[in-house]
Structures are given as structure tokens and as C-alpha cells.
Trainee: 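Okay, here's the structure, questions in a sec.
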Amino acid sequence: MSLSFRRVSLASIGLAFGLSALSLSPLMAQETKPAQPDTAAPAAAPVDPNAVVATINGEKLTEADLALAEGELSQQFAQLPPEQRRAAALSAAIEIRVMAKKAIDSGLDKDADFQRRMAFLQQRALHGEVVEKDVVGKVTDAEIRARYDQEIANTPPVNEIHARHILVKTKEEAEAIIKQLDGGADFQKLANEHTSDPSGKTSGGDLGWFGPGQMVPEFDKAAFALEVGKYSKEPVQSQFGWHVIKVEDKRAKQPPAFDDVKDQAKQAVIRDKYFAMVKELRAAAKVEIADAKLKAAVETMESGK
């Protein structure tokens with residue numbers, strides 16, 4: 001059974017939401033278990049965020065400032081060994097500070113374009129804070145479980161089959177094999193002898209269990225049309241060659257366990273909460289778009305959210 005959780009769209013939600021929801025990446029990673037502490041190693045002393053790491057032109061750079069630089073620049077430092085990242089972050093923070101001072105001394109901070117960018121960056125950061133505190137931070141385990149249960153209830157049951165096949169190059173070869181099966185030959189033995197599928201040469205052509213759409217269309221249609229214990233009376237052609245198929249068993253596919261899709265359910269809850277908040281705030285806001293075509297394009301795009 002395939003649940004219909006929709007992935008969080010970082011493009012539509014925005015970069016700030018993407019940064020605040022890094023733990024959600026996506027369709028379908030397991031939650032990472034926290035690393036177990038090494039009982040043999042002494043516990044690290046707590047870091048004072050106000051402790052001064054360096055001074056640049058008389059201005060203090062604290063542990064909190066350094067931690068912020070490490071977090072913001074983590075992608076740039078990803079290839080560095082862990083022991084070098086702190087030094088790299090400090091070096092980058094110093095570089096940023098001295099270049100920023102030069103910009104201020106030159107009056108660049110008064111530039112209209114710069115001030116617009118600063119205003120936008122502040123707004124984007126505040127957007128991220130709201131998402132982090134009022135959306136992601138308020139998702140409960142009960143809501144995640146309820147979303148999982150809802151998806152299970154809304155997902156139609158799906159059958160899956162356990163099948164074997166014999167793959168050959170020509171229709172004539174497949175017809176000859178069907179003739180032997182009609183005469184009582186053992187399917188698994190014939191598969192081991194004749195199939196060109198490398199994985200089936202020692203397993204009697206066993207394909208295991210699979211659901212609709214997991215095989216190429218021609219194979220899929222023929223396999224699901226067979227009854228349990230029956231084999232195809234006519235060769236089935238696909239892009240790989242000619243198949244003789246036998247269905248060993250059928251069953252209702254079990255839904256995924258909650259723990260296996262918990263992250264997806266969490267993504268769905270966050271997405272719904274986020275867009276509900278946006279809808280409420282947009283409804284209360286007075287928004288006017290002067291260009292009629294642009295207004296229509298925005299409305300069309302947002303109607304699909």
C-alpha cells in the first residue's frame with residue numbers, strides 16, 4: 001500500500017522554511033537516532049555563549065557568534081575534517097567582520113539597494129522564526145499519528161503477487177517452454193535451465209512479492225491477470241524479451257509501519273499547518289497587485305497549493 005503523503009515543497013514554502021525543516025528531507029528518510037554518548041569519555045564542559053573567542057578592531061566575537069557562523073556556513077565547511085571546521089568558521093567570521101567594516105566606512109550600508117536587501121533578509125529570517133517556533137515546534141506526536149491513521153484509512157487496499165518468470169530472447173523459445181509446462185515440466189527447473197535473467201538462474205525465476213506498477217506494463221498486466229498456481233499460456237513480450245510467467249500466490253499488501261513513514265507524516269502535518277497559517281494571514285492582510293496579468297498568475301499559482 002502506497003500512502004499519498006505529499007512532500008513538502010521548499011520552492012513554494014520558501015528557503016527559510018527549507019532551512020528550518022532540514023530534518024524533513026524528503027521522501028522518505030528514517031528518523032536519525034541520536035548518537036549514544038561515549039560513557040568512557042568525560043562529558044564536555046558547557047560552553048558559555050558569551051565567552052569571547054576573538055576581538056576584531058576592538059569588537060568582541062563570542063562563542064554564540066562563532067556558533068552562528070558555523071551553522072550558517074556549514075555547507076561550505078562540509079568537506080573539511082570536523083577538527084578544522086571551528087577554525088574555518090572563525091576565519092570566515094573575521095573575514096566577514098573586516099569586510100563589513102570596510103563597507104560601512106565606504107558608506108555602502110546607506111545604499112538603497114543594500115537597505116532593500118537587508119529588509120528582505122530580515123523579513124525572511126523572521127519568516128523562518130515563525131515557521132520554526134509556531135509550525136514545526138508545535139507539531140505533536142498525536143498529530144503525526146493521526147495523519148498516518150488518516151492516510152491508511154483513505155488508501156484503497158492493494159493486492160500484490162508472488163511470481164516467477166522465464167525470460168528468453170524469442171517468442172519461439174517461450175512457446176517451446178510453455179509446451180513443456182503443458183506436459184507437466186517443473187517451472188523452477190525450466191527457469192534455472194533457460195532464463196536469461198541472471199538473478200533467476202539459481203532461484204527458479206523467483207521475482208518475490210511485488211505490487212501493481214512495479215514491473216514493466218506488459219509484464220504487470222499479464223501477471224496480475226493470472227490465477228494463483230497458473231502460468232501464462234501465451235508468451236508475454238516486453239522490452240527485455242519474451243516472458244513465461246507463473247503466479248505462486250496473492251495477498252493484500254500490508255500498509256507501511258508507522259515508524260517507517262513517520263517522517264513523511266510529519267512533513268504532511270507541517271505542510272498543512274504552514275499553508276493554513278499562510279491562508280489565515282493572507283486573508284487578514286490587504287494585498288494589492290497593480291499588474292492585472294501578474295495578479296492573475298499569482299492567484300492561479302496559489303490556488304494549486
Trainee: In plain terms, say whether Arg147 and Glu151 are close enough for a salt bridge, that is, a side-chain N and a carboxylate O under 4.0 Å apart.
Mentor: yes
Trainee: Between Thr62 and Asp65 (side chain of the first, backbone of the second, donor and acceptor by atom type, cut-off under 3.5 Å), is there such a pair?
Mentor: yes
Trainee: Between NE2 of His165 and CZ of Phe187, what distance do you get to the nearest 0.5 Å?
Mentor: 8.0 Å
Trainee: Charged N to carboxylate O below 4.0 Å: is that the case for Lys171 and Glu234?
Mentor: no
Trainee: Can you tell whether the side chains of Asp134 and Lys273 come within less than 4.0 Å, N to carboxylate O?
Mentor: no
Trainee: Working to the nearest 0.5 Å, report the span between NZ of Lys246 and OG of Ser232.
Mentor: 11.5 Å
Trainee: For Trp242 and Pro235, work out which heavy atoms get closest and say how close.
Mentor: CE3-CB, 3.5 Å
Trainee: Measuring from atom CG of Leu226 to atom CD of Glu248, what distance do you get when rounded to the nearest 0.5 angstrom?
Mentor: 11.5 Å
Trainee: Salt-bridged, Glu70 to Arg85, with N to O below 4.0 Å?
Mentor: no
Trainee: Could Asp182 and Lys179 be called an ion pair, given the rule that one side-chain N must be under 4.0 Å from one carboxylate O?
Mentor: no
Trainee: The test is side chain to side chain donor-acceptor pair (under 3.5 Å); show your working for His243 and Ser238 and say whether it passes.
Mentor: CA-CA 8 Å; His243 307 263; Ser238 78; 2.7 Å; yes
Trainee: Any sub-3.5 Å donor-acceptor pair from Thr195's side-chain atoms to Asp197's backbone N or O?
Mentor: yes
Trainee: Check whether any side-chain N or O of Arg164 sits under 3.5 Å from a backbone N or O of Ser203 as a donor-acceptor pair, and report yes or no.
Mentor: yes
